[in-house]
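The structure appears right after this line, and notes come after that.
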Amino acid sequence: MNMLNKMSIKDVDVAGKKCLVRVDFNVPMKDGKITDETRINGALPTIQYLIDNKAKVILCSHMGKPKGQVVAKYSLAPVAERLSEKLGQKVVFATDVIGPSADKAVSEVQDGEVVLLENTRFEAGEEKRDPEFCKKLASYCDIFVNDAFGTAHRSHGSTAAIVEQGLVKTAVCGFLIQKELTVMGGALEQPVRPFVAVLGGAKVADKLKVIDNLLEKCDSLIIGGGMAYTFLKSQGYEVGASLVDNEKIDYCKEMLAKAESLGKKIYLPIDVITVSSFPDPIDAPIEIEAHDVGSIPANLEALDIGIKTRELFASVVKGAKTVIWNGPMGVFENPTLAAGTNAVAQALADTDATTIIGGGDSAAAVTQLGYADKMTHISTGGGASLELFEGKELPGIACLNEK
């Protein structure tokens with residue numbers, strides 16, 4: 001999938017056109033209040049551009065998993081209210097997706113005005129890609145704009161199917177997706193070398209295709225987090241009570257052999273931080289011991305990378321020109337076990353390389369640890385960025401017009 005040649009809103013004339021914009025307003029809520037507005041803020045540049053260029057703006061998004069039912073706590077009404085305040089103009093809220101309220105709002109919308117439809121997943125047809133649902137939704141637009149990278153790996157009605165079913169001819173991306181494609185697509189397709197990938201997180205199984213695909217593309221691969229112990233075990237190390245996926249030991253051996261045959265280097269931990277039992281609650285104070293990987297006691301569980309490993313990983317990052325990072329180095333939610341993740345974040349912050357954080361836990365970690373403003377790019381989609389790293393085609397992007 002060539003991601004670098006997709007048309008954006010700047011490549012089409014939007015004036016007077018009904019632009020159906022798929023945004024990601026799947027924001028966390030508590031007691032009817034939005035607790036984190038990051039995703040709303042992320043959509044603002046695209047919305048503002050369309051307003052300034054006299055488009056008729058019709059926004060749609062899902063929230064949560066209401067599974068085709070109307071569930072009051074997943075209503076986008078609070079988002080419409082907050083968005084009105086941020087844009088400094090009224091956002092007309094349709095109380096349904098393709099019903100009478102939406103029909104009225106869309107038929108009355110003027111150039112430079114904004115409508116927000118209710119949660120697309122209140123309609124069963126959204127996730128099922130129902131042709132009738134898609135036809136009705138498509139009737140609301142002259143131009144389809146996808147700016148929801150967080151759902152670009154889904155092929156639902158509002159994310160891709162209306163284009164895939166041939167119901168909309170002009171399909172372009174907004175600024176948020178454009179940035180994801182330029183930065184992440186660019187790093188994967190035309191990286192400035194040396195290109196280092198840093199992978200962490202708990203399970204090898206979640207990252208099988210990522211490891212395989214990145215080995216083809218990067219120069220060095222750093223592996224930390226829970227999945228490092230399956231790799232260490234595959235090399236004959238005893239890893240005590242640490243997390244191991246015994247079914248993936250042969251896979252790890254294959255990947256280490258593949259790296260060697262390609263002349264790529266895989267870096268694994270050389271020392272670790274261990275505990276006698278997993279912290280409960282997760283941020284509880286905890287006693288730790290440091291051990292080299294050759295001598296982890298049988299009863300202890302490794303939950304972070306050690307000091308020598310932090311120095312090793314940081315030195316590999318220092319020499320890089322492009323770094324992508326997905327997955328923490330340890331149980332970063334615990335202050336005592338966050339040191340490894342912190343050290344990698346610090347190394348990325350200190351480098352002049354292009355630094356890309358692939359959503360999910362890594363994005364949470366760099367934000368929580370205070371490094372967000374030091375990174376070139378933090379992806380807005382965990383699942384989507386992972387599938388991008390796997391080399392998969394993302395339906396919400398594949399369906400867009402090429403330049």
Side-chain angles (χ1 to χ4, degrees), residues 9 14 16-27 29 32 34 39-40 43 46-47 50-51 54-84 86-87 89-148 151 154-172 174 396 399:
I9 45 178
V14 298
K17 300 279 201 325
K18 282 192 298 215
C19 293
L20 179 71
V21 190
R22 178 52 158 100
V23 285
D24 183 0
F25 285 163
N26 185 23
V27 292
M29 306 276 290
I34 301 164
R39 287 177 167 168
I40 299 175
T46 293
I47 298 169
L50 293 170
I51 292 170
K54 304 282 181 280
K56 298 176 166 76
V57 187
I58 297 125
L59 305 171
C60 66
S61 175
H62 80 284
M63 184 194 283
K65 293 181 176 166
K67 302 200 187 321
Q69 307 291 324
V70 175
V71 181
K73 68 172 180 179
Y74 293 132
S75 171
L76 290 175
V79 177
E81 202 173 310
R82 192 69 191 97
L83 191 58
S84 300
K86 287 180 180 282
L87 293 170
Q89 71 180 66
K90 184 174 167 48
V91 172
V92 177
F93 181 62
T95 54
D96 51 32
V97 188
I98 51 168
S101 175
D103 285 347
K104 183 174 188 297
V106 172
S107 66
E108 291 174 0
V109 66
Q110 301 296 307
D111 297 356
E113 290 182 352
V114 182
V115 170
L116 173 62
L117 306 179
E118 185 51 286
N119 187 340
T120 56
R121 287 189 188 169
F122 282 2
E123 290 280 344
E126 160 76 329
E127 293 188 72
K128 290 182 179 147
R129 305 162 45 87
D130 175 67
E132 289 309 308
F133 169 76
C134 291
K135 200 173 287 171
K136 185 73 208 233
L137 194 61
S139 74
Y140 293 162
C141 81
D142 302 310
I143 297 171
F144 171 69
V145 181
N146 193 358
D147 210 25
T151 54
R154 305 262 179 247
S155 181
H156 293 164
S158 67
T159 60
I162 60 169
V163 187
E164 290 169 351
Q165 293 176 12
L167 303 166
V168 182
K169 291 289 173 269
T170 309
V172 300
C399 72

* How close do Asp111 and Gly16 get, heavy atom to heavy atom, and via which atoms? -> OD1-CA, 3.5 Å
* Structure fact -> Sorted by chain and residue number, the salt bridge (charged side-chain N to carboxylate O under 4.0 Å, His left out) partners of Lys136 (sequence neighbours excluded) come out as Asp103
* Structure fact -> Heavy-atom closest pair (Cys19 atom, Val145 atom, distance to 0.1 Å) is CB-CG2, 4.3 Å
* Answer whether the closest heavy-atom distance between the side chains of Leu137 and Glu123 falls below 4.5 Å. => no
* Asked: Hey, are the side chains of His62 and Glu127 touching, using non-hydrogen atoms and a 4.5 Å cut-off?
  -> no
* To do: Please name all residues satisfying salt bridge (charged side-chain N to carboxylate O under 4.0 Å, His left out) with Asp96, sequence neighbours left out, ordered by chain then number.
  => none
* Asked: In chain order, what residues pass the side-chain hydrogen bond (donor to acceptor under 3.5 Å, both in side chains) check against Thr151, with sequence neighbours excluded?
  -> none
* Would you mind reporting whether Glu118 and Leu76 have side-chain heavy atoms less than 4.5 Å apart? => yes
* Flag side-chain contact, heavy atom, 4.5 Å: Phe25 against Leu83 -> yes
* Considering only heavy atoms from C-beta outward, does the side chain of Gln89 approach that of Ile51 to under 4.5 Å? -> yes
* Kindly give the heavy-atom pair with the smallest separation between Ile34 and Pro78, and that separation in Å. => CD1-O, 3.8 Å
* Structure fact -> Between Pro66 and Asn119 the two heavy atoms that sit nearest each other are CG-ND2, 3.8 Å
* **Among Leu116, Leu59, Leu117, the one residue meeting side chain to side chain contact (heavy atoms under 4.5 Å, CB included) with Phe93** => Leu116
* Structure fact -> Here the pair of heavy atoms bringing Cys399 nearest to Val163 is O-CG1, 3.3 Å
* Structure fact -> For Lys54, the salt bridge (charged side-chain N to carboxylate O under 4.0 Å, His left out) test, sequence neighbours excluded, returns none
* Examine distances only and state if a side-chain atom of Asp142 and a backbone atom of Lys17 form a donor-acceptor pair shorter than 3.5 Å. => no
* Asked: More than 12 foreign heavy atoms under 6.0 Å from CD of Glu108: is that the case here?
  -> yes
* Would you check if the side chain of Thr159 reaches a backbone N or O of Arg154 as a donor-acceptor pair within less than 3.5 Å? => yes
* Close side-chain approach of Leu20 to Cys60, heavy-atom, < 4.5 Å -> yes
* So, for Asp24 and Ala148, which heavy atoms are closest and what is the spacing to 0.1 Å? -> N-CB, 3.8 Å
* **Whether Asn26 side chain and Gly64 backbone form a donor-acceptor pair below 3.5 Å** => yes
* Less than 4.5 Å apart, any side-chain heavy atom of Phe144 and any of Arg22? -> yes
* Structure fact -> Those residues at least two apart in sequence (or on a different chain) that pass salt bridge (charged side-chain N to carboxylate O under 4.0 Å, His left out) with Glu164 are Arg129
* Pairs satisfying salt bridge (charged side-chain N to carboxylate O under 4.0 Å, His left out), at least one member in residues 64-80, at least two apart -> none
* **Side-chain touch Val106/Lys18, heavy atoms, less than 4.5 angstrom** => yes
